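This is the structure I have questions about; it appears just below.
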Amino acid sequence: MEFNLQAYGIEVTNILRNSEKAILYESALKLEKGSAISSKGALMVYSGKKTGRSPRDKRVVRHAASEKNIDWGPVNYGMDEHTFMVNRERAIDYLNTREHLYVVDAFAGWDPNYRLKIRIICTRAYHALFMQNMLIMPEREALKSFGEPDYVIFNAGSFPANHFTTTMTSKTSIGLSLERKEVVILGTEYAGEMKKGIFSIMNYLMPLQEVLPMHCSANVGNEGDVSLLFGLSGTGKTTLSADPGRKLIGDDEHCWHRDGVFNIEGGCYAKAIDLSEEKEPDIFNAIRYGTVLENVVYDPETREVDYSDTAITQNTRASYPIDFINNTQIPCIAGPPKNIIFLTCDAFGVLPPVSKLNPEQASYHFISGYTAKVAGTEMGIKEPQATFSACFGAAFMMWHPNRYAELLAKKMKECNVSAWLVNTGWSGGEYGVGSRIKLKYTRAILDAIHNGDFDVVKTQREEEFGLEIPLSCPNVPSEILVPENTWKDQKQFSKLKSKLVSLFRENFEKFKDHVDESIAKAGPN
């Protein structure tokens, strides 16, 4: 089928469009340093100096049509049209120096009423295979009628930005123009920039249609009951959504519209650090031919991966199509959620393993987006540090967090949804004193939520946060459900709880003038 990129000023004629996996494997192994095949058949790649996203280098073009809607600040930095066009020309000039290019034409969003047609233009086979995993691929015959894309990503990440260009802070730049419907990437070969660039676009467009975009995982039970699991890195969002008793809808990005929810992506992007078949069998077994393994360390003779080795980065990743998970809902669409679960890893050890939230509390905790980092996760961290990320995904939110919180509250009331706060962190003491709540207990708590077990048990009201704590749960020791009961040092418990209350209140100061008074009052006293 005749295909070219001349409309973008790209004259390269050797274009590999929606290539077969085998072709992309061959190309990566031949042309890309650090590429190899694992003992399980996955393509192992090296993303270069950047092994994670560069949030401070993301820019959005200021334009009269959209700038009043965008929450400008440390998440959404501005860029003028001229600078964007300079970067765009730099990217296209670089693309024109390549002997061949890769193109991925695919969809973002499983619901045809809301999906976007996305075109990726890139220079690395690794990037092409990654996006073929992460987007929803059209059938070969349907590709003929794909037509013009809604958005185009020019990935020239192997070539640096000019840091003397206006507003540039480094040689890395991820620029988004909502009006031109284009993304330009320079100076980073980390594939996650493409994935999250698309999510940022959906985060801007969907609220215009009263659709809530969400940084969450989702699964569905045999009775059609949908659960959404929100949580920052390290809380167990991906692990807990892969539930043998429920079908996976998606592990990371979803939208909630009037008729239900749908996955934005066609694949999963799971953390691979310390991955094991015993702890995460579904993810472990999804790593096979067609999977991309980023920045992992492996045995040069056996090609077996050492998932515990972080010599390259702690942010090792696996990208694979969602149907590599056995128990999956295809197409990735379901009805309205019955339960919303906010996951937090509380390293202070003061939040209960499970508590029920009223609608106002749900909005409060959604806007707060709390978890905690512990020693060893980042340089310089010696004691637990609270982390707050609005809507559990502040880095990708284009509107003010209150816009998403209003949509959440509205949809929760319309669908009569139950909300829960589940702590996957520490019990019996803070990090270094107590122990992390066992995964089997957290899974049992989620089972109880799905089975409706907490609807008929006694609860205890926790005073500072106003949480309703169930006092019994099948297959979970009742003594761990009320946190202070597990602590030997009650003074230290009170001290750390007061500290966490203060941190919550301090963080919420920047939101309280923009939210309904009932939501502001739903926080801790």
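Along the sequence shown, residues carry numbers from 1. Just so it is clear, the model here is predicted, and its values are computed rather than measured. Below, all heavy atoms of this structure are taken into account, side chains as well, without hydrogens, waters or symmetry copies.
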- Heavy atoms of other groups near E20 CD, more than 12 under 6.0 Å: no
- Message: Measuring from atom CG of L29 to atom CE of M44, what distance do you get when rounded to the nearest 0.5 angstrom?
- Response: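 These two atoms lie 9.5 Å from each other.
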- Atom CZ of R119 and atom CG of L5: how far apart are they, to the nearest 0.5 Å?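 Answer rounded to 0.5 Å: 6.5 Å.
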- Query: Is any NZ, NE, NH1 or NH2 atom of the basic residue among K237 and D252 found under 4.0 Å from an Asp or Glu carboxylate oxygen of the other?
  - Reply: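 Here K237 pairs with D252 in a salt bridge, since their nearest N and O are under 4.0 Å apart.
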- Query: Checking side-chain contact (heavy atoms from CB on, under 4.5 Å) for the pair I10/I15: CA distance, chi angles, key distance, verdict?
  - Reply: CA-CA 11 Å; I10 298 173; I15 299 169; over 6 Å; no
- Message: I'd like to know if the side chain of T165 and the backbone of N162 have a donor-acceptor N/O pair within less than 3.5 Å.
- Response: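 Such a contact is found between T165 side chain and N162 backbone.
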- Would you give the length of the straight line joining atom CZ of R98 to atom CG of L31, rounded to the nearest 0.5 angstrom? 10.5 Å
- Report the distance from atom CD of E193 to atom OG of S47, rounding to the nearest 0.5 Å. 10.5 Å
- Item | Aromatic ring proximity F130/Y269, centre distance under 6.0 Å |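 That pair passes the under 6.0 Å test.
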- Item | Interatomic spacing from OH in Y8 to CD1 in I92 - rounded to 0.5 Å |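 Separation between the atoms: 9.5 Å.
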- Item | NZ or CZ of K50 within 45° of Y190 ring axis and under 6.0 Å |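 K50 over Y190 ring: no.
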- Query: Going by atom types alone, do D57 and S170 pair a side-chain donor with an acceptor below 3.5 Å?
  - Reply: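 A donor-acceptor contact under 3.5 Å links the two side chains.
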- Message: Please check this pair: side chain of N203 against backbone of M398, looking for a donor-acceptor N/O pair closer than 3.5 Å.
- Response: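 No, the answer is negative, given that no donor and acceptor are paired below the 3.5 Å cut-off.
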- Message: If only side-chain N and O atoms count, and only distance matters, is there a donor-acceptor pair under 3.5 Å linking S518 with E360?
- Response: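 No, S518 and E360 have no side-chain donor paired with an acceptor closer than 3.5 Å.
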- Query: Quick check: are there more than 12 heavy atoms from other residues, nucleotides or ligands sitting under 6.0 Å from NE2 of H100?
  - Reply: yes
- Does E182 offer a backbone N or O that forms a donor-acceptor pair with the side chain of R88 under 3.5 Å? no
- Message: E179 vs S66, test: side chain to side chain donor-acceptor pair (under 3.5 Å). Steps then yes/no.
- Response: CA-CA 8 Å; E179 283 65 38; S66 59; 3.0 Å; yes
- Determine, step by step, whether L95 and V12 satisfy the side-chain contact (heavy atoms from CB on, under 4.5 Å) criterion, reporting the C-alpha distance in whole Å, the side-chain angles of both residues, the deciding distance to 0.1 Å, and the verdict. CA-CA 8 Å; L95 294 172; V12 179; 5.9 Å; no
- For the residue pair A125 and Y102, what are the closest heavy atoms and their distance?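 For A125 versus Y102, the nearest heavy atoms are N-CE1, 3.4 Å.
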- Query: Are Q209 and H257 close enough that some pair of their side-chain heavy atoms sits under 4.5 Å apart?
  - Reply: no
- Task: Verify side-chain contact (heavy atoms from CB on, under 4.5 Å) between V104 and N18, making sure each step is shown before the conclusion.
- Result: CA-CA 5 Å; V104 178; N18 289 23; 4.2 Å; yes
- Query: Are side-chain heavy atoms of H514 and H400 found at a separation under 4.5 Å?
  - Reply: yes
- Within-4.5 Å side-chain heavy-atom neighbours: F392 and T371: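 No - every pair of side-chain heavy atoms lies 4.5 Å or more apart.
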- Query: Which pair of non-hydrogen atoms, one from S319 and one from N133, has the smallest distance, and what is that distance?
  - Reply: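 Smallest interatomic distance, heavy atoms only, reads O-ND2, 3.1 Å.
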- Would I198 and I153 satisfy side-chain contact (heavy atoms from CB on, under 4.5 Å), going step by step from the backbone distance to the final call? CA-CA 9 Å; I198 294 168; I153 295 180; 3.8 Å; yes
- Closest non-hydrogen contact found for L186 with P160 is CB-C, 4.2 Å
- With distance as the sole test, does D105 use its side chain to make a donor-acceptor pair with the main-chain N or O of E148 at under 3.5 Å?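 No: the side chain of D105 does not pair with the backbone of E148.
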- Item | Backbone of R53 reached by a side-chain donor or acceptor of N315 within 3.5 Å | no
- Salt bridge or not for K195 and E265, using N-O below 4.0 Å? yes
- Looking at the rings of Y364 and F511, which for Trp means the six-membered one, are their centres under 6.0 Å apart?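 Centroid distance Y364-F511: not below 6.0 Å, so no.
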- Are any of the side-chain heavy atoms of L503 and K499 separated by less than 4.5 Å?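 In contact.
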- Query: Between S173 and N87, does any side-chain donor sit less than 3.5 Å from a side-chain acceptor?
  - Reply: yes
- Query: Short question: side chain of Y404, backbone of W399 - any donor-acceptor pair under 3.5 Å?
  - Reply: yes
- Task: Taking the side chain as every heavy atom from C-beta outward, state whether R403 and D71 have any pair of such atoms under 4.5 Å apart.
- Result: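 In short, these two side chains do not touch, never coming nearer than 4.5 Å.
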- Query: Looking just at side-chain N and O atoms, do D80 and T83 make a donor-acceptor pair shorter than 3.5 Å?
  - Reply: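 The criterion, which ignores hydrogens and geometry beyond distance, is satisfied for T83 and D80.
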- Message: Would you say that K58 contacts S200 through its side chain, given a criterion of any heavy-atom pair below 4.5 Å between the two side chains?
- Response: yes
- Item | N/O donor-acceptor pair under 3.5 Å between T316 side chain and V296 backbone | no
- Item | Validation row: L275, V305 side chains within 4.5 angstrom (heavy atoms) |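 Answer no - side chains too far apart.
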- A286 backbone acceptor or donor facing T291 side chain under 3.5 Å: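 A pair under 3.5 Å: yes.
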- Query: Any idea which heavy atoms bring A128 and C122 closest together, and the distance?
  - Reply: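 Shortest heavy-atom contact: N-SG, 3.9 Å.
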- Item | Over all atoms of both residues, closest heavy-atom pair of A270 and D251 |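 The pair with the smallest heavy-atom distance is N-OD2, 4.5 Å.
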- When rounded to the nearest 0.5 Å, the distance separating OG1 of T328 from CD1 of I322 is 5.5 Å
- Decide, yes or no, whether a salt bridge links E210 with K411 under the criterion of side-chain N to carboxylate O below 4.0 Å. no
- Do W256 and V226 come within less than 4.5 Å of each other through their side chains, counting heavy atoms only?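 Sidechains of V226 and W256: no contact.
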- Message: Given 3.5 Å as the limit, does a donor-acceptor pair link the side chain of R317 with the main chain of N295, or not?
- Response: no
- Work out which heavy atom in I249 is nearest to a heavy atom in A334; give both atom names and the distance.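 Between these two residues, the closest heavy atoms are CD1-CB, 3.7 Å.
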- More than 12 foreign heavy atoms under 6.0 Å from CD of E414: is that the case here?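 It does: E414 CD has more than 12 such atoms within range.
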- Parallel, tilted or perpendicular: which fits the ring planes of F366 and F230, with parallel below 30° and perpendicular above 60°?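 Answer is perpendicular, since the angle exceeds 60°.
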- Looking at D150 and K117, does any basic side-chain N land under 4.0 Å from a carboxylate oxygen?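 So D150 does not pair with K117 through a salt bridge.
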- Query: With sequence neighbours left out, what residues match H365 under ring-ring contact (aromatic ring centres under 6.0 Å, His included)?
  - Reply: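 Partners of H365 under the ring-ring contact (aromatic ring centres under 6.0 Å, His included) test: F504.
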- Message: So does G425 get a backbone contact from the side chain of D346, meaning a donor-acceptor N/O pair under 3.5 Å?
- Response: no
